[in-house]
Amino acid sequence: MTATHDVIVAELPGLLPRLWRYGLVLARDPVTAEDLVQATCVRALERSSQFMMGTRLDRWLFSILRSIWLNQLRAQRIRTGHGVVDAEEVLVTDGAHEIEMNIFAAQVFRQVLALPEAQRETVLLVYVEGFTYQEAAGVLGVPVGTVMSRLAAARLKLSALQAPTAADDREAL
Amino acid sequence: MAAGSTDIGRDALLVAYLDDELDPQAHEQVEQLLQSDPAARAHLAALAEGGRPFRPAFDALLDAAPRERMEAALSAALLKAARRKPDRYRRALIATAAALMLLVGGGTAGYFIAKAPNLFEQEDEVEEAWIDAVAGQLALYDASSVANIKVDAAEQKAELDRLGEAVKLDLSEKNVSLEGLTLKRAELLHFQGRDVAQLLYASDKHGPVALCIMSQPGGEEEGEVESRDGLNYTYWSSGGRRFLLIGAAPEQSIDALGDTVRDRFGA
């Protein structure tokens, strides 16, 4: 096996939860998010020789996941009538367990999920994943200026909403 | 919201200012703008108000991820990848086998792959070696080299009859014609002592496509489209035969063509 393959095999398990979270933000559905992660693993292993040593594996994997979402699963969901999901009604449960978050975190999460897809994934990459604008632009395949305007639009939308208030109560989303 | 979003460029700069993503010069320009322009200050306030503690809120999701199931799926993908990537030594042997396949025989009489005793003992390795050999062979063709093959209808029919007899399938024209493809060559090949009917097509839009049928049971029943050496392929087994459809066509085309062939020859 090649060195790049070994790096991917060693690091991929630790990145699965973050990939799933990105998938959840894109698809707004935990089952689809899981499918996305699975497809991402298969494709990353198939294309391991294309990963450039010395670059960040998480960004490469995020790009793959995003490409699978755009080219396969999103179209499939739209075809089968599952393309439109109301963020307020996103059931973050796969039947086996529900995601528990405190009310404050759940409110933030819901507000972000209600943003248009391009805005919410940009918010995730920059404000949650901590990518620089340049790094996020690389994953998204857009100019840095587009990242900036998406973040501005997202923030203006959120500023129109009531800011969540801190609370210790927990709820299931 | 304290301000509208009429000036997208200015808001983009302001958000970059808030996120500390500006170079010193642009940072200074924004500071000057904020001092002189109340509307800009109002926008900045609105943008700041739209901030949230995103990271702690979203970190809760990491614990909720179905980690075990994803790790299990990853393990399955790793096993599959390992099965599809023989070690270096074996790859070298497979490449040699593929080269031999082209050297021996020649002409339209058919290629013959040299026997390599004890090389591929296990069933799935037969599959792997076969796919590698065919991919290696097909990679040598481009669209024009196949398009230029002259076809004699009577000879082609006779060859199809002979192939059909060898793999015990009705390979008449109606069964082997595929949408968007022109059958250019039909020949009986041999791989590790097994008969292989190979139909080579020229594509209207892409490079060549090959349909190969080996008269030997075993292998997966339902094949998904995978890729190797820049070619997409689907491989499956049914009715005591193995089928391989491979070409430079996009994944969806290979998938659709595979469905057509499966329907014709029974899944």
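So that the names make sense, note that chain A is the first sequence line, chain B the second, and so on, each numbered from 1.
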| task | Measure distances from B:Leu14 to the heavy atoms of chain A and classify the residue's part below 4.5 Å as side chain, backbone, both or neither. | result | neither
Does [X] reach the side chain of [Y], with side-chain heavy atoms less than 4.5 Å apart?
X       : Y        : result
B:Phe58 : A:Val123 : no
A:Leu16 : B:Arg67  : no
B:Asp19 : A:Tyr133 : yes
B:Met70 : A:Trp20  : yes

| Which atoms of A:Thr132 come close to chain B, meaning under 4.5 Å heavy atom to heavy atom: side chain ones, backbone ones, both, or neither? | both
| task | Please flag which part of A:Val144 lies under 4.5 Å from any non-hydrogen atom of chain B: side chain, backbone, both or neither. | result | neither
| query | How far apart are the closest heavy atoms of B:Glu49 and A:Ser159, and which atoms are they? | reply | OE2-O, 3.5 Å
| request: Please report the shortest heavy-atom distance between A:Ser149 and B:Ala12, naming the atom on each side. | output: N-CB, 3.9 Å
| remark: Most contact-rich option vs chain A, by heavy-atom pairs under 4.5 angstrom, among B:Gly9, B:Pro53, B:Ser75, is B:Pro53
| query | Between B:Asp63 and A:Arg21, is there a side-chain N and carboxylate O pair less than 4.0 Å apart? | reply | no
| message | Looking at A:Arg155 and B:Leu47, would you say the former's side chain and the latter's main chain have a donor-acceptor pair under 3.5 Å? | response | yes
Distance (rounded to the nearest 0.5 Å) between [X] [atom1] and [Y] [atom2]:
X       : Y        : atom1 : atom2 : value
B:Leu22 : A:Met148 : CG    : CE    : 6.0 Å
A:Glu34 : B:Arg69  : CD    : CZ    : 4.0 Å
B:Leu74 : A:Leu45  : CG    : CG    : 6.5 Å

| request: Evaluate the criterion side chain to side chain contact (heavy atoms under 4.5 Å, CB included) for residue pair A:Leu161 and B:Arg52; output intermediate values, then yes/no. | output: CA-CA 11 Å; A:Leu161 305 172; B:Arg52 298 284 185 270; 4.3 Å; yes
